[in-house]
Amino acid sequence: SAAALLYLTAVIVLGRWLGQGPIFLAAALSALTWNFAFIPPLYTFRITKLEDGLTFGLFFVIALITGRLTTRIRAQARAQDAGERRATALYQLTRDLAAARSADDVIRAAVTRNTDVFGARPAVLLADSSGHISLHPSAAYDISAMEAGVALWTLQHRRPAGRFTDTLPASDGYYVPLIT
């Protein structure tokens, strides 16, 4: 019936914005509402005929499947958009690096693309021959003395450290040594 299509459409539209759990709930609510309003005896949740029970079950399954498919399509579209953004950023970084004439140009390009793609505030720290580190002027992030200590540890041990790692995880930043 037209009412059943309307309920299915609502579940599909909700699938555009909601995840799997809310879609399951929407499918269940739409099936129950349809049962309550359109399957005899009306205004009860009882189903007296086998064909009405089968119709109710089929309605619920169709609502659930279409809602889940819509959610999956949305997730795939987001993943494809993210992949496209990364590919574009990689192309732009490659172009910027090819045009770079100095180490400063390379660092500026890396900082700019990192900011564009990840929304990060990267900082590049350079070590001199005596092991002292200094912040490159292109940095979009200023670090404290404690954070500089984490960066120095990373350089000395040649391993990532800081946030999202098992080494010094209380740090504000994530530090990766770039050894040449």
Side-chain angles (χ1 to χ4, degrees), residues 8-29 63-180:
L8 286 175
T9 302
V11 173
I12 291 169
V13 169
L14 287 173
R16 174 76 173 95
W17 292 286
L18 302 176
Q20 298 291 340
I23 289 303
F24 178 81
L25 180 63
L29 288 176
L64 186 60
I65 289 171
T66 55
R68 290 186 72 175
L69 287 174
T70 304
T71 302
R72 186 177 300 159
I73 290 168
R74 178 193 58 169
Q76 287 172 345
R78 284 184 179 165
Q80 187 175 7
D81 287 347
E84 187 176 312
R85 282 193 306 275
R86 284 191 302 270
T88 300
L90 183 58
Y91 167 74
Q92 290 171 337
L93 177 61
T94 303
R95 189 186 63 204
D96 292 348
L97 292 177
R101 300 289 179 226
S102 67
D104 284 342
D105 291 344
V106 170
I107 292 171
R108 272 191 216 88
V111 167
T112 300
R113 294 301 164 213
N114 234 316
T115 302
D116 293 348
V117 173
F118 300 110
R121 297 175 321 182
V124 175
L125 296 141
L126 302 172
D128 60 19
S129 59
S130 63
H132 293 94
I133 58 174
S134 61
L135 190 63
H136 189 271
S138 68
Y141 177 73
D142 194 23
I143 63 168
S144 66
M146 185 185 93
E147 294 294 309
V150 176
L152 188 58
W153 185 95
T154 299
L155 180 64
Q156 291 169 345
H157 292 90
R158 296 178 177 238
R159 288 188 10 211
R163 194 174 194 179
F164 310 118
T165 70
D166 292 334
T167 307
L168 305 168
S171 300
D172 290 335
Y174 173 68
Y175 298 88
V176 179
L178 300 175
I179 309 296
T180 60

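Because the structure is predicted, anything quoted here is derived from the model rather than measured.
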Enquirer: Does the side chain of I143 come within less than 4.5 Å of L125's, by heavy atoms?
Expert: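 Yes. Closest side-chain heavy atoms under 4.5 Å.
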Enquirer: Quick one: closest heavy-atom pair of T66 and A63, and the distance?
Expert: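 Between these two residues, the closest heavy atoms are OG1-O, 3.2 Å.
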Enquirer: Can you confirm whether R68 is buried at CZ, in the sense that more than 12 heavy atoms of other residues, nucleotides or ligands lie under 6.0 Å from that atom?
Expert: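 No.
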Enquirer: Whether the S102 and D104 side chains hold a donor-acceptor pair (N or O, under 3.5 Å, no angle test) is what I'd like checked.
Expert: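 Short answer, no.
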Enquirer: What distance separates L69 CG from L64 CG, expressed to the nearest 0.5 Å?
Expert: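 Interatomic distance, L69 CG to L64 CG, rounded to 0.5 Å: 9.5 Å.
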Enquirer: Go through the steps to decide whether L93 and V117 satisfy the test side-chain contact (heavy atoms from CB on, under 4.5 Å), and finish with yes or no.
Expert: CA-CA 11 Å; L93 177 61; V117 173; over 6 Å; no
Enquirer: Taking all atoms of both residues into account, what is the closest heavy-atom pair of V106 and A100, and its distance?
Expert: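 Closest heavy-atom pair between V106 and A100: CG2-CB, 3.7 Å.
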Enquirer: Compile the donor-acceptor pairs under 3.5 Å between side chains in residues 75-92 and protein atoms, sequence neighbours left out, one pair per line.
Expert:
| residue | atom | partner | partner atom | Å |
| --- | --- | --- | --- | --- |
| T88 | OG1 | E84 | O | 2.9 |
| Q92 | OE1 | R113 | NH1 | 3.4 |

Enquirer: Could you grab the distance from atom CG of L135 to atom CD1 of I133, nearest 0.5 Å is fine?
Expert: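 Reported to 0.5 Å precision, the distance equals 9.0 Å.
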Enquirer: Without placing hydrogens or testing angles, list every side-chain donor-acceptor pair under 3.5 Å for residues 146-164, not counting sequence neighbours.
Expert:
| residue | atom | partner | partner atom | Å |
| --- | --- | --- | --- | --- |
| E147 | OE1 | D172 | N | 3.4 |
| E147 | OE1 | G173 | N | 3.2 |
| E147 | OE1 | Y175 | OH | 2.5 |
| E147 | OE2 | D172 | N | 2.9 |
| W153 | NE1 | H157 | ND1 | 3.1 |
| T154 | OG1 | V150 | O | 2.9 |
| H157 | ND1 | W153 | O | 3.0 |
| R159 | NH2 | T167 | OG1 | 3.0 |

